[in-house]
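Everything below concerns the one structure shown next.
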Amino acid sequence: MTPAGSLLAAHDLRKAYGSTPALDGASFSVHPGEVVAVLGPSGSGKSTLLHCLAGIVVPDSGTLTYAGRDLSGMSDAERSSLRRGDFGFVFQFGQLVPELTCLENVALPLRLNGVKRKQAARTALEWLERLEVDDTAAKRPGEVSGGQGQRVAVARALVASPKVVFADEPTGALDSLNGERVMELLTESARSAGTAVVLVTHEARVAAYSDRDIVVRDGRVRDPEFAV
Ligand SMILES: Nc1ncnc2c1ncn2[C@@H]1O[C@H](COP(=O)(O)OP(=O)(O)OP(=O)(O)O)[C@@H](O)[C@H]1O
């Protein structure tokens with residue numbers, strides 16, 4: 001059932017919110033290091049698919065396999081530990097911790113994984129430099145621009161060398177110039193680290209940075225990679 005060589009695969013996922021079906025038999029897979037864009041009209045189920053793949057939302061039925069392990073059968077604690085260790089996240093509005101500096105925000109995933117404070121700060125600064133926002137290191141998220149905040153969020157998503165980054169409309173709140181730069185930096189950094197990216201977007205311009213597109217319609221996905 002799992003496509004050969006895939007890192008993350010979903011088969012026939014179904015999820016309803018009350019009587020509203022959000023996913024209605026969605027199958028999808030991503031290979032290591034691959035950048036896949038998830039496209040589709042508003043309300044088609046893109047975010048629900050991403051949340052299921054990331055282990056944030058539990059589907060009503062269907063199977064989810066990550067690195068050969070059945071995600072559906074994992075406990076909440078196992079899924080949380082997978083999210084912390086193997087996954088990174090970027091959302092539309094950075095979702096940085098407002099009380100921490102940008103450097104501390106980027107260092108946070110490393111600290112949660114047990115990296116010592118000094119080493120975490122050093123690595124976080126390297127990532128801020130890579131994303132060209134090292135001048136935000138001592139500032140809090142409320143003191144930086146939207147574009148800078150998203151770059152900090154990308155640094156935070158990649159700092160702990162995740163296997164997969166989930167990005168839900170990461171440039172949705174940015175102007176086109178800033179949006180394109182964030183996409184360039186996200187995809188370049190992910191490709192050089194061998195990190196796969198699952199990218200939900202409305203915009204064809206953003207999807208152009210992916211290796212492959214899939215389209216969600218009415219909670220269903222057609223992924224030609226998936227042999228059913
Ligand atoms: N927490 C929720 N409670 C109730 N209904 C929900 C919830 N989340 C999503 N839905 C419904 O499920 C369907 C799919 O929503 P989803 O957010 O996955 O779509 P989307 O394609 O990401 O939309 P958009 O592009 O507008 O963000 C929609 O009908 C939506 O209203």
Side-chain angles (χ1 to χ4, degrees), residues 6-30 34-66 71-72 74-76 79-80 82-83 87-96 146-147 149-150 153-154 156-157 162 164-176 178-180 182-183 186-187 190 195-226 228:
S6 66
L7 176 63
L8 181 59
H11 182 61
D12 201 19
L13 294 186
R14 288 166 201 275
K15 173 74 191 171
Y17 293 102
S19 58
T20 309
L23 290 180
D24 188 23
S27 297
F28 170 71
S29 66
V30 60
E34 189 183 31
V35 180
V36 184
V38 179
L39 294 161
S42 183
S44 57
K46 302 182 298 294
S47 297
T48 306
L49 175 64
L50 182 129
H51 292 151
C52 287
L53 292 169
I56 297 169
V57 164
V58 179
D60 299 331
S61 66
T63 54
L64 271 166
T65 314
Y66 172 73
L71 226 105
S72 342
M74 282 185 194
S75 66
D76 286 351
R79 276 201 309 276
S80 302
L82 189 67
R83 281 200 299 273
F87 297 166
F89 296 90
V90 191
F91 297 104
Q92 182 169 359
F93 301 101
Q95 269 143 8
L96 300 168
Q150 280 307 71
V154 169
R156 186 183 58 179
V164 189
V165 167
F166 296 94
D168 197 350
E169 301 281 3
T171 63
L174 304 180
D175 63 57
S176 58
N178 263 306
E180 295 203 7
V182 165
M183 282 311 302
L186 169 61
T187 51
T195 299
V197 180
V198 180
L199 167 72
V200 165
T201 182
H202 280 99
E203 298 175 71
R205 203 165 35 81
V206 171
Y209 289 92
S210 70
D211 300 318
R212 183 161 65 87
D213 301 338
I214 61 142
V215 179
V216 185
R217 276 188 206 285
D218 299 329
R220 300 174 140 263
V221 187
R222 283 288 161 258
D223 181 357
E225 285 283 303
F226 209 102
V228 269

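Whatever order the structure lists them in is the order used to number ligands and atoms, beginning at 1.
Of the possible donor and acceptor atoms, none in the side chain of E203 sits under 3.5 Å from a partner among the backbone N and O of A208. With R212 contributing its side chain and A37 its backbone, the two residues share no donor-acceptor pair below 3.5 Å. Within the 3.5 Å criterion, the main-chain N or O of D12 finds a donor-acceptor partner in the side chain of S27. Side-chain N or O atoms of D168 include none that pairs as donor or acceptor with a backbone N or O of L199 at under 3.5 Å. A donor-acceptor pair is defined here as one N or O able to donate and one able to accept, closer than 3.5 Å; no such pair exists between the side chain of Q150 and the backbone of T171. Remark: the backbone N or O of P162 is paired with a side-chain donor or acceptor of T195 at under 3.5 angstrom. For the pair N178 (side chain) and G147 (backbone), a donor-acceptor distance under 3.5 Å is absent.
In this structure, atom 2 (C) of ligand 1 has a protein heavy-atom contact shorter than 4.0 Å. Checking atom 31 (O) of ligand 1 against the protein gives no heavy-atom contact under 4.0 Å.
Compare P21, A22, S19, S42 by their heavy atoms: the one nearest to atom 12 (O) of ligand 1 is in A22. Nearest residue to atom 28 (C) of ligand 1 from G219, G43, S47 is G43 (criterion: closest heavy atom).
Residue T20 touches ligand 1 through its side chain alone, judged by heavy-atom distances below 4.0 Å.
Atom numbering of ligand 1 starts at 1 in the shown order; those under 4.0 Å from a heavy atom of K46 are 18 (O), 19 (O), 20 (P), 21 (O), 22 (O), 23 (O), 24 (P), 25 (O). Ligand 1 places these atoms under 4.0 Å from at least one heavy atom of T48: 15 (O), 16 (P), 18 (O). Each of the following atoms of ligand 1 lies closer than 4.0 Å to a heavy atom of H202: 25 (O). Of all atoms in ligand 1, listed by their number and element, those nearer than 4.0 Å to a heavy atom of P41 are 21 (O).
Rounded to the nearest 0.5 Å, atoms NZ (K15) and OG1 (T48) are 8.5 Å apart.
Here the protein heavy atom with the shortest distance to atom 9 (C) of ligand 1 is Y17 CE1, 3.4 Å.
Polar contact check, G45 against ligand 1: a nitrogen or oxygen pair lies under 3.5 Å apart.
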